[in-house]
Amino acid sequence: MNIYEDLKWRGLINQVSDEDKVREYLNTPGAVMYCGFDPTAESLHVGNLVPLLCLVRMKRAGHHPLYLMGGATGRIGDPSGKDKERDLSDPEVMETRLEKIKAQVRRFVERNTGDRPDIVNNYDWTKDMTAIELLRDVGKHFTVNWMLQKESVKGRIDRDDVGISYTEFSYMILQSYDFYHLYRTRKCRLQIGGGDQWGNITAGCEFIRRRTAIDGEQAEAFALTFPLLTTASGKKFGKSEKGAIYLNAEVTSPYAFYQYFYNTDDRDVIRFLKLFTFLGSDDVAAMEKEMEEAPHLRPAQKRLAEEVTRMIHGQHELDRVLAASEALFGTGDLRKVDPATLRAALESAPHRHYAPGDVPDIAQMLVDLGLVPSKGQARKDIKAGGVYLGGERVAENQELAETDFLGGDLLVLRKGKKNYGLVTRG
RNA sequence: GGUGGGGUUCCCGAGUGGCCAAAGGGAACAGACUGUAAAUCUGUCGGCAUUCGCCUUCGGAGGUUCAAAUCCUCCCCCCACCA
């Protein structure tokens, strides 16, 4: 199956500039395509997984994907999909983030293709460009009238409570230049991205056509965007109670990462299997059938969580996460679980250590563990019956007993159904 | 630079001197029901305090008043239109 058909089957294609030509472009191995990632945070999040994964799919299909780091564009700020102007970040902060994301992309790609990714940074070809060059060589090919038609800009102009700065307005010009540059230097003729990137990408296609026309070439470039990720419940995909789910283990623990996918809504899980894993149609169909037969066992959710966690954190981390999940959600009594196993299982849960004489009351421990924002809230949760100690519901005003310490020095606290915290003393 | 409209607790958004820790909605959290799901129902939703209560908040800084998110002064920021 052509990679294009595969993407289509997965529901990964939202818009394509020219379906036939893109399919044809992807028919010959070695095609070059790119997708950009701006350093807007310390780490990529699950939302970035779709494009990232798509580039990997391309690689697996024998093509040559380019991973573009937005060292330059990140300094400007993309108005796409944003309803208000954003603050500019510090260049140094941006640089640090970019390095982290780069490392992350490298690890991910190596793990899933066995090859080093071809990473480029648009700062490299933009930093020495003069304002005059930009205005003459690039800006001249864009009419403001046309730029104003773009969704990202229009959305901001039409509203009477927000505006758009010239800086963000110019974003598409920079991104267009990137595409052109990659066409010139790397023969890249396809750019992929999220649904909100359509305007920016087609701007690039347009620019390539016009710019190359000057040299009598009239090159053609293509755009392909993914659908906006939605969840059945209407929640934003990739957001949990604790905030966005990131790919970096230091920001989102592998355990939380696994749990996020494990908790996928029934209505979304098959679609997500297609979007986030390499499973083919046979496997997916099998999962669908299993799920129908035994929905309460949630085979599809389990598979999804496993596949994605392995992809991002590796088999080793996955094994630990599985052990932890089993210990915490398994049927057994926590007291019967070996303390050492418990400790390992809760490794990615918040942890607090107290000296023997300094162990505070339960409410304070919940605060210290970060399970609740304040002591008052902790009391309220206890009162509501939402706090558990070693698997037993904590009563109001309950004092710690010596027997609560598993193995003599370990406390397992839980708020609600699945928020664990570990306390040790000694 | 001019004119007009704005800045309220996580978000949206009421609130024009005391009844305001501040309506309503959303989000979120907890409970019941379940399948670590969805839907539904209930409770909570600035901080501290077991109760009385105390403290901090309505862009910022001052001021008027027994009393200010609400009035006055200056300042900062955002938006629209005009120049």
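In this text, all values refer to a predicted model and were calculated from it rather than measured experimentally. Chain letters run A, B, ... following the sequence lines, proteins first and then strands; every chain starts at 1.
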>> Using OP1 and OP2 only, check whether a side-chain N or O of Arg267(A) sits under 4.0 Å from A37(B).
In response: no
>> Using side-chain heavy atoms (C-beta onward) and a distance below 4.5 Å, is Gln191(A) in contact with Leu182(A)?
In response: no
> When you check the side-chain N and O atoms of Tyr34(A) and Asp178(A), is any donor under 3.5 Å from an acceptor?
Replying inline: no
>> Say we look at G25(B) and C45(B): how far apart would their C1' atoms be, to the nearest angstrom?
In response: 14 Å
> To the nearest angstrom, how far is Lys383(A) atom NZ from A30(B) atom P?
Replying inline: 18 Å
> Counting only Watson-Crick or G-U wobble pairs whose two distances fall under 3.5 Å, which nucleotide matches A22(B)?
Replying inline: none
> Starting at CG of Leu328(A) and ending at C1' of U36(B), how long is that distance when rounded to a whole Å?
Replying inline: 11 Å
Close N or O pairs between protein and nucleotides 31-34 of chain B (under 3.5 Å):
| unit_1 | atom_1 | unit_2 | atom_2 | d |
| --- | --- | --- | --- | --- |
| G31(B) | O3' | Arg393(A) | NH2 | 3.3 |
| A32(B) | OP1 | Arg393(A) | NH2 | 3.1 |
| C33(B) | N4 | Lys417(A) | NZ | 3.1 |
| U34(B) | O4 | Lys417(A) | NZ | 2.4 |

>> Quick check on Lys150(A): does its NZ atom have over 12 non-hydrogen neighbours (other residues, nucleotides or ligands) under 6.0 Å away?
In response: yes
> How would you list, by chain and number, every residue that makes a salt bridge (charged side-chain N to carboxylate O under 4.0 Å, His left out) with Lys380(A), sequence neighbours excluded?
Replying inline: none
> Nearest-Å distance, CD (Glu396(A)) to P (U51(B))?
Replying inline: 10 Å
> What integer distance in Å separates Leu322(A):CG from U36(B):C1'?
Replying inline: 14 Å
> Who does C54(B) pair with, Watson-Crick or G-U, both distances under 3.5 Å?
Replying inline: G47(B)
> When the P atoms of A23(B) and U44(B) are considered, how many whole Å apart are they?
Replying inline: 13 Å
> Between the side chains of Asp78(A) and Gln197(A), is a donor N or O closer than 3.5 angstrom to an acceptor N or O?
Replying inline: yes
> Quick one: is Asn419(A) getting a side-chain N or O under 4.0 Å of the U36(B) phosphate, OP1 or OP2?
Replying inline: no
> Taking a pair as Watson-Crick or G-U wobble with both distances under 3.5 Å, which nucleotide is matched to U65(B)?
Replying inline: none
> Can a donor-acceptor pair be found between the side chains of Thr73(A) and Gln175(A) at a distance below 3.5 Å?
Replying inline: no
> How would you list, by chain and number, every residue that makes a ring-ring contact (aromatic ring centres under 6.0 Å, His included) with Phe261(A), sequence neighbours excluded?
Replying inline: Phe257(A), Phe276(A)
> Is the shortest side-chain N to carboxylate O distance from Glu206(A) to Arg209(A) below 4.0 Å?
Replying inline: yes
> Whole-Å distance between G35(B) P and Lys418(A) NZ?
Replying inline: 14 Å
> If we take the P atom in both C58(B) and C52(B), what is their distance in whole Å?
Replying inline: 25 Å
>> For a salt bridge (Lys or Arg N to Asp or Glu O under 4.0 Å) check, start with the C-alpha distance between Glu402(A) and Arg425(A), then their side-chain angles and the critical distance, and finish with the verdict.
In response: CA-CA 12 Å; Glu402(A) 208 37 50; Arg425(A) 69 170 175 182; 2.4 Å; yes
>> Once side-chain hydrogen bond (donor to acceptor under 3.5 Å, both in side chains) is applied, do any residues pair with Arg303(A), and if so which ones, sequence neighbours excluded?
In response: Glu307(A)
>> Nearest whole Å is fine: how far is A38(B) P from Ile270(A) CD1?
In response: 17 Å
> Is Lys8(A) salt-bridged to Glu19(A), cutoff N-O under 4.0 Å?
Replying inline: yes
> Say you pick atom C1' in U65(B) and the same atom in G59(B); how far apart are they, in whole Å?
Replying inline: 23 Å
>> Give me the distance, rounded to whole Å, that separates U56(B) from G6(B) when you measure between the C1' atoms they each carry.
In response: 26 Å
> Which word best sums up how the rings of His45(A) and Tyr246(A) line up, parallel for under 30°, tilted for 30 to 60°, or perpendicular for over 60°?
Replying inline: perpendicular
> Does any nucleotide pair with A32(B) by Watson-Crick or G-U wobble geometry, both distances under 3.5 Å, and what is it?
Replying inline: U40(B)
> Rounded to the Å, how far apart are Leu366(A) CG and A30(B) P?
Replying inline: 12 Å
> Considering every strand shown, what is the Watson-Crick or G-U wobble mate of A80(B) when both distances are under 3.5 Å?
Replying inline: U3(B)
Give me, pair by pair, the N or O atoms of the protein and of nucleotides 43-47 of chain B that are less than 3.5 Å apart, along with how far apart they are.
| unit_1 | atom_1 | unit_2 | atom_2 | d |
| --- | --- | --- | --- | --- |
| G47(B) | OP1 | Ser374(A) | OG | 3.1 |

>> Suppose you measure atom P in C11(B) against the same atom in G1(B); what distance do you get, rounded to whole Å?
In response: 31 Å
> Just checking, is any N or O donor in the side chain of Gln315(A) or Asp319(A) under 3.5 Å from an acceptor N or O on the other one?
Replying inline: yes
>> Expected output is a numbered-order residue list: members of residues 302-315 of chain A with a heavy atom under 4.0 Å from any atom of RNA chain B. What is it?
In response: none
> C82(B) and A67(B): how far apart are their P atoms, nearest whole angstrom?
Replying inline: 47 Å
> Once you round it to whole Å, what is the distance between C1' of U36(B) and OH of Tyr420(A)?
Replying inline: 9 Å
>> Work out how far the P atom of G53(B) is from that of C66(B), and round it to whole angstrom.
In response: 25 Å
